[in-house]
Every structure is written in C-alpha cells, then in structure tokens.
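Chain A is the first sequence line, chain B the second, and so forth, proteins listed ahead of strands; every chain is numbered from 1.
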2 protein chains.
Amino acid sequence: MNIMNNTVKNTFHNLPEQKRDMIVQAAVKEFASKGYQKASVNAIARELGIAKGSLYQYFANKEALFLHVFETFTTLVRESVKKRVSSAGGRDFFILTRKVLMAGIDFIDRHPEYFQLYLRVLFELDVPRREELVAKVRLFSGEYFGPICEQAQKGGQIRKDIQPQMVIFILDAMMDRFLQAYAEPYLDGGLGLSVKSGRELADAVDSVMQVLQDGLSV
Amino acid sequence: MNIMNNTVKNTFHNLPEQKRDMIVQAAVKEFASKGYQKASVNAIARELGIAKGSLYQYFANKEALFLHVFETFTTLVRESVKKRVSSAGGRDFFILTRKVLMAGIDFIDRHPEYFQLYLRVLFELDVPRREELVAKVRLFSGEYFGPICEQAQKGGQIRKDIQPQMVIFILDAMMDRFLQAYAEPYLDGGLGLSVKSGRELADAVDSVMQVLQDGLSV
DNA sequence: GTGTATTATGACCACCTGGTCACACTATGA
DNA sequence: TCATAGTGTGACCAGGTGGTCATAATACAC
C-alpha cells in the first residue's frame, strides 16, 4: 500500500506527525479548490509558511505530493465506510445500501475538502494516473457491492431479469449523484439537499431508496 | 440570445461561415480536451494555422471565445432534443423520458467533443460563469421535465408519495449518469456501455427505464 | 566545542500563459 | 493608381509555473 514509487522522500516521513498533517491538509485544500493542474505548489508553500524548496525536499514533484494526498483520501474513505457500515450487521440488501449512502453523507460532513478532491479527480481529465485513482475508489462499488448484489439477486431480493452489473450501475449512479448533490448544491436541481435538516435529509434518502427498492425488487 | 456581451467582435461575424466553423471547432476541441483553464489560446491558433492576434481580433479574450463555443453547444443540444423528441407525440411519460435518453445518446454520437465540453463545465469549478452555463442546460430538466412530471403525477402515472422535485432529481441523475458512462467508459463500472452494439445499448436503456418505471409508478 | 549529516531556504531558471500593438497586408472604390 | 479601411501578424510583455541548487541553519554525536 505504501510503496508510493519512492517519490515520497524519507525527509517527509521523518517529519513530526503534526507537520505532516498540516502539509497534507494544505495540499488537499489547494488541490480540491483549484484542481490538479491549476493547483500551485507555490500557493501551498505560501499557505504553510514554508519555503517551496522544503516541499521538494519532502516530495519528488507535484505529482508525488498529489498522489500522497489522494492516498490518504482513499484510506480515509475505506475506514469511514467500514466503521459506519459493518457495525450493525443487517443482512437486508436495501438496508445495507442505505447505510452506505448515509456513510457517504457522513464522510462529506466530516471531510468536505476530500470529497471535493475526489470529484475533481473524477471529472478532470488531466489528473495524473486518473483512471487508476478512480478505479481505486470504484473498486468499492465493484468488489464491495458486486457480491452483495449477486447474493441479493439469488436470494430473491432483487429481480432476476436484469444484469447484475446493471444493478450495480444503477445503485452507484443514484448514490453518487445524491452525494454530489449534497456536496455541490448546484447539482441537485432545486432539491436543496445541502441545506436540509437531518430529518429532511433522512426523508430524502428514504425517498430515493424506496424508489430504488420498488424498481429493483420483485 | 445573441447579445453575447458584445465580446464577440464584428470581425468574427464578418468571417466566411466555413472559417467561423473551423475556429469554433478547434476551440471546442481544445476546451473539451484540456478544460477551460488549461486550454491554450496559443494552441488553438497553432491548430488553426493562424496568428494568435487574429483570435483576439475576433474575440475580446479567452472567456469570450469560450462563451461563444458554449453558446453554440446549447443551441445544438436544444435543436437535437427538440427534433428527436417532439416528432412522435407519445403522451406516455416513460416513453417520453426514454426518448430523451435516446436523444442524448444520439447527441453524444454526433458531437462527442461538445458533450465532453459540457462535462468539463459541469465539473470544473473555475470555469467562467459556470453556474449560469450549467443552469442553461439544466433548464432542460427543470423547465422541460418539471411540468411533465407534475402532470404524470396528477394523471396517476407516477406515485404521489414522493416530491415532484425528487422525481426530477432521480430521472436527471440516472439519465445524466447513463450518458456520462456512455461517453466516458471508465464511469460505467464495467458495464461497457460505450462499446455495446445498438441492440445491446437499447436493451441497457430498457433495463434502466424499466427500473425507473417500476420504482416511480403505482 | 567541534565536526558532520540532515533539513530549510529563496533566488534563480527555463518555459508557458493571456493579452497587446505597431506594422504589413489586402480589398475596395474612385 | 492611389488612398483608405479592415484584417492578419508575431515579436513582445508582465506574470505565473514547476523545479533546482548553492548556501544557511540546525541537530546531533563525540
């Protein structure tokens, strides 16, 4: 996991944890708000109040810094989902997907910058190793949801006249878009997800899940 | 419609149509493949084989060029949908949405660069007047789908225990993602939409629409 | 206190950007 | 044929970029 192409130098690992966190935090903020290309190493150094040369003492180049930041994101998201979902072990398929969706909302609440970073990677074409990074997160819906879907289909919870991959696609699409709308208000088409109270938000989640359930079951 | 902030200069309108098309074509290609910020006016001029100064004789600045390009996109998409959808006048709600989806696929087939441009505007935060531009296209789902949804809800085609805006959101989300997956294969989670034959593609559309219909009706 | 290894620094580099402008070119009309 | 108006041009500008490197500061061992 931490091979990192040895582009992250030892000097960085030798740093006190607090300073490392500061650096990653500043970097994720810059990358999330500007995107990879427009993000400026100068700006990150300025924000941190350190010399640019120092950053290049920690990381081989801009790309290495970015990849490290994204790496911390993926570990963060995996931990979050695992913690939030696997806790209560409901076997019901739709209860599970509902939990994943709620975990996503929770993640955005806790780490909005990281989610925005993810969106940038998703939709900026000139991000280094973009497909690889996207795949790392998508692995989620593929590897994680895949078997669960199949099982639910065999178990009779999901209709059988539809490709398993299509089920995953539909779930993934709805959940992804829901989260995007939550994180980026202009995407929700007037639903106002991001300003809803916890109660209203839960209702919205229920609405979506209900439609999916009715559409996917039988 | 063509007020354009007078940032498009007369010299451009005076150009022979063929040359204007060439310029727009080169610009959309550059903006679509690089995104607004990284797109280079130099590169566009180079591609066209004309001097950069000429471009600035046609447009006040990079932003004006970009806005003009996007303008041609919006008119293009409106024409396409209108032509494709309004022709056969089925009143059935789900048949209509299916037609809109097929029109989207058709548009991507015909103008892949324009669709990619749209995706960039959608997901790059530092595009000039981004929200305004997105709204122009979203108007589609809002103004166009809105009344249709309400009517379908009153007419009993769509369940009434769900907010009309939520119906629009769900439709919009699914269709948008479907088209994105069709245009950008890495988004489809292994479905392989973009390489499907016409028959298989139609089947995929049917699958999605069937789930939506079953989920939204009653 | 001295010497050595590690880290911090910012001036500097080559390169590219969006945008300008004085000048060259061309077409038109008299 | 000449003058004028409109168009094309590319060297040039200031500003920003990612990246380098000689030097300064520091930490640590003895």
Could you tell me how the ring of B:Phe59 sits relative to the ring of B:Phe12: parallel (under 30°), tilted (30 to 60°) or perpendicular (over 60°)?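 Tilted: the ring planes of B:Phe59 and B:Phe12 meet at 30° to 60°.
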Below 4.0 angstrom, N of the basic side chain to O of the carboxylate: do B:Arg177 and A:Asp172 qualify?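 Salt bridge flag = yes for A:Asp172 with B:Arg177.
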With the criterion being N/O to N/O and under 3.5 Å, what pairs connect the protein with nucleotides 7-9 of chain D, and how long is each?
{"residue": "D:dT7", "atom": "OP1", "partner": "B:Asn14", "partner atom": "ND2", "Å": "3.1"}
{"residue": "D:dG8", "atom": "OP1", "partner": "B:Tyr58", "partner atom": "OH", "Å": "3.4"}
{"residue": "D:dG8", "atom": "OP2", "partner": "B:Tyr58", "partner atom": "OH", "Å": "2.8"}
{"residue": "D:dG8", "atom": "N7", "partner": "B:Gln57", "partner atom": "OE1", "Å": "3.1"}
{"residue": "D:dT9", "atom": "OP2", "partner": "B:Ala51", "partner atom": "N", "Å": "3.3"}
{"residue": "D:dT9", "atom": "OP2", "partner": "B:Ser54", "partner atom": "OG", "Å": "3.2"}

Given the rule in the ring-ring contact (aromatic ring centres under 6.0 Å, His included) test, do B:Phe66 and B:Phe31 qualify, once you have shown the distances and angles that lead to the verdict? CA-CA 8 Å; B:Phe66 171 76; B:Phe31 282 120; 5.1 Å; yes
Identify all pairs in which a protein N or O lies below 3.5 Å from an N or O of nucleotides 14-16 of chain D, and state each distance.
none

B:Glu30 side-chain N/O to B:Val41 backbone N/O, donor-acceptor pair under 3.5 Å: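 Between the backbone of B:Val41 and the side chain of B:Glu30 there is no qualifying donor-acceptor contact (under 3.5 Å).
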Short side-chain to backbone donor-acceptor contact, A:Arg120 and A:Tyr36, under 3.5 Å: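 Judged by distance alone, no pair lies under 3.5 Å.
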Show me the pairs that pass side-chain hydrogen bond (donor to acceptor under 3.5 Å, both in side chains) and involve residues 17-27 of chain A, at least two apart or across chains.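 Every pair satisfying side-chain hydrogen bond (donor to acceptor under 3.5 Å, both in side chains) with a residue in residues 17-27 of chain A: there are none.
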Quick one: label A:Ala43 by what it contacts on the DNA or RNA (base, sugar-phosphate, nothing), any heavy atom closer than 4.0 Å.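 It contacts nothing in the nucleic acid.
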Can you tell me the distance, in whole Å, between the CG atom of A:Asn61 and the P atom of D:dT17?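 Atom-to-atom, A:Asn61 to D:dT17, this comes out as 17 Å.
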Let me know the distance between CD of A:Glu63 and P of D:dT17, rounded to the nearest Å.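 Result: 19 Å.
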Indicate the atoms forming the closest heavy-atom contact of B:Met174 with B:Val208, along with that distance.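 Heavy atoms only, the tightest pair is CE-CG1, 3.7 Å.
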Terminal contacting nucleotides, 5' and 3', DNA chain C versus chain A (heavy atom, 4.0 Å):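 Taking any atom under 4.0 Å from a heavy atom of chain A, the span is C:dT7 to C:dG10.
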What distance separates A:Met175 CE from A:Leu171 CG, expressed to the nearest 0.5 Å?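 Result: 7.0 Å between the selected atoms.
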Quick one: salt bridge (charged side-chain N to carboxylate O under 4.0 Å, His left out) partners of A:Glu63, sequence neighbours excluded?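 Result, salt bridge (charged side-chain N to carboxylate O under 4.0 Å, His left out) vs A:Glu63: A:Arg129.
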Run the side-chain donor-acceptor check on residues 49-58 of chain A: report pairs under 3.5 Å with partners two or more places apart or on a different chain.
{"residue": "A:Lys52", "atom": "NZ", "partner": "A:Asn42", "partner atom": "OD1", "Å": "3.0"}

